[in-house]
Amino acid sequence: MTETNADNLDTYPPSAEFAAAANAHASLYERADTDHEGFWAEQAQRLHWHEPWSRVLDWDDAPFARWFVGGKLNVAYNCVDRHVLDGHGDQVAIHWEGEPGDSRDITYAELLAEVSRAANYLTELGLVAGDRVAIYMPMVPEAIVAMLASARLGLTHSVVFAGFSPTALRQRVDDAAAKLIITTDGQWRRGTAAPLKTAVDEAVAADGGAASVEHVLVVRRTGIEVPWTAGRDLWWDETVGQASAEHEAEAFDAEHPLFILYTSGTTGKPKGILHTSGGYLTQTSYTHNYVFDHKPGSDVYWCTADIGWVTGHSYIVYGPLSNRATQVVYEGTPNFPDEHRHWQIIEKYGVSIYYTAPTLVRTFMKWGREIPEAHKLSSLRLLGSVGEPINPEAWRWYREVIGGNKTPIVDTWWQTETGSIMISPLPGVTAAKPGAAMRPLPGISAKVVDEEGKPVELGETEANGYLVLDKPWPSMLRGIWGDPERYRDTYWARYGMRGWYFAGDGAKLDKDGDLWVLGRVDDVMNVSGHRISTAEVESALVGHSGVAEAAVVGATDATTGQGIVAFVILTAEAKDTGDDLVAELAAEVSREISPIARPREIHVVPELPKTRSGKIMRRLLRDVAEGRELGDTSTLVDPNVFEAIRARKA
Ligand code: 6R9
């Protein structure tokens with residue numbers, strides 16, 4: 001996808017003015033280097049602890065970590081109550097902007113009342129600490145309230161992106177054995193109300209699907225009619241809305257499970273990434289403060305992610321709220337009712353910090369600079385990027401057109417598994433390079449190594465290495481829900497006894513030692529910043545009666561980073577109905593997984609390229625998909641397969 005620019009190292013040093021007022025200081029690196037645990041103990045003081053910890057890190061049972069051992073806190077208390085107690089109850093926590101144009105300002109005092117009501121009602125439902133709650137909701141304030149109420153009670157939430165199918169929802173609800181699903185009647189999509197609760201009904205069907213579910217709690221958002229199962233289904237406004245607004249938060253252990261979030265791995269079965277409380281909140285709070293240079297009370301912050309992804313968890317809910325942010329939460333898409341929407345919102349609220357994904361920046365570029373140029377964006381003072389490598393061209397456009405040639409840009413590398421930002425420039429300190437994530441943050445340690453674990457040479461632009469994290473960090477995942485073996489195998493086995501976390505990303509270091517993340521090295525695709533495994537899409541395709549075999553690759557795409565390209569072999573019975581069949585297969589993938597997993601192209605082929613051991617050679621399919629000369633075909637059983645594939649593609 002990307003010209004990575006590693007030979008053309010233009011830098012953007014911070015302005016003296018920005019540096020003088022910045023939260024971050026170069027001395028943070030030294031402090032963290034001299035005393036790793038002491039540094040994190042200091043960062044943990046950002047939070048309110050009901051009881052202090054006795055040990056910063058217990059890594060004795062590696063790779064199973066415990067941070068802030070013995071400490072007790074309440075995550076929701078830290079995100080809401082303490083700001084109200086400190087006299088900031090009237091500060092707006094959320095400027096919520098609905099897609100149809102309605103809006104709501106919610107102060108910290110109001111947020112506290114709503115979270116308390118929800119906590120009281122969830123308790124009345126019989127839920128107790130440790131139970132799992134699935135949240136399947138669009139970007140409405142109640143989604144954030146539901147997450148915080150769960151956290152307040154020690155319930156472990158599992159947010160499932162509202163664009164996921166009933167099958168995907170059921171799989172996640174079953175894996176976590178959730179007792180409650182919180183959802184909405186419907187969701188606004190470009191001016192129409194699309195049903196959502198019906199998807200829950202389908203997931204919790206009479207045929208034994210999602211048998212753990214006792215109740216479905218439904219927020220009224222669109223007013224559309226919904227089917228109703230008496231006794232099981234409950235309206236939020238009639239229950240939570242009537243509950244008491246007084247609730248006292250109880251403290252939980254620092255290692256109490258806060259949430260599970262499912263993400264794609266190299267097999268078809270999504271991994272339930274488990275995060276706990278004290279370490280997670282410490283690092284989300286720390287990173288939100290320093291990486292975004294956030295100043296409570298004056299900044300207006302906007303992260304455009306959805307709460308269905310980790311970015312929404314860490315940088316809409318837990319990081320910003322723990323730091324008493326005033327933030328924008330927007331329900332809809334960037335081009336509804338037209339392409340001016342984001343810039344209008346920035347103008348309306350005076351947004352000063354804006355955090356989005358490269359795919360959206362490239363989309364804005366495509367729509368044309370005259371659109372943002374029609375707006376007064378001078379309130380912006382910092383821009384962020386996350387989800388995939390940002391190509392230098394998009395970086396420069398972002399800074400020039402959106403950032404008025406003055407804002408720092410933080411290109412933040414992290415993952416669902418890392419919980420918080422790990423590698424990023426520090427605004428006010430780092431002279432950033434377009435396209436580079438630069439350096440591990442203070443307190444974080446990373447290496448770029450080869451297959452054997454040897455560090456790669458600086459400036460070695462040909463030989464790319466693997467990104468590893470060689471020291472535990474507070475917001476690291478604590479495991480894969482219900483599957484400790486998969487946790488060890490996926491992340492910790494690659495470099496054996498060294499105890500390094502294998503991130504699954506390729507990377508290189510330039511001659512200055514700055515880090516460039518190049519993208520996944522496994523069978524995980526990155527489409528518009530969403531992680532989708534090739535195996536998941538393949539299994540959805542093979543689920544169609546007409547498909548005998550399928551191979552899926554991520555091919556470079558100018559806008560979405562990667563696009564999904566599928567190659568399928570039909571069963572003997574299936575007639576090749578040409579475009580009809582291809583459209584049907586694409587629809588099947590949308591239905592089975594989500595519209596975000598819909599292949600860009602599907603090619604019907606007579607055979608797939610395989611090695612003698614029967615492995616599909618995805619590398620060669622990628623060459624075909626990207627229209628390149630074929631790489632080494634010597635390990636193929638039948639090199640002629642490609643003639644046939646190409647003939648069909650043309
Ligand atoms: C936060 C998030 C993680 C994967 C990760 C990498 C890619 C994320 C990036 C980046 C280059 C960045 N990625 N940020 N690649 N530069 N700044 O996106 O989590 O959905 O789990 O995806 O995204 O490939 O491994 P998640």
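None of the values given here were measured: they were computed from a predicted structure. Side chains are part of it too, since the values below use all heavy atoms of this structure and drop only hydrogens, waters and symmetry mates. Atoms within each ligand, like the ligands themselves, are counted from 1 in listed order.
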Residues at least two apart in sequence or cross-chain that pass ring pair (Phe, Tyr, Trp, His ring centres under 6.0 Å) with Trp481, listed by chain then number, are none

Sorted by chain and number, sequence neighbours left out, side-chain hydrogen bond (donor to acceptor under 3.5 Å, both in side chains) with Gln171 holds for none

Less than 4.0 Å between a side-chain N and a carboxylate O, is that true for Lys433 and Asp510? yes

_Strictly below 4.0 Å, N to O, side chains only: are Arg618 and Glu538 in salt-bridge contact?_
yes

Q) Between Tyr286 and Phe39, is the ring centre distance below 6.0 Å? A) yes

Chain-and-number sorted residues having a heavy-atom contact under 4.0 Å with ligand 1 are Val310, Thr311, Val386, Gly387, Glu388, Pro389, Asp411, Thr412, Trp413, Trp414, Gln415, Thr416, Asp505, Val517, Arg520, Asn526, Arg531

By salt bridge (charged side-chain N to carboxylate O under 4.0 Å, His left out), Glu592 pairs with (sequence neighbours left out) none

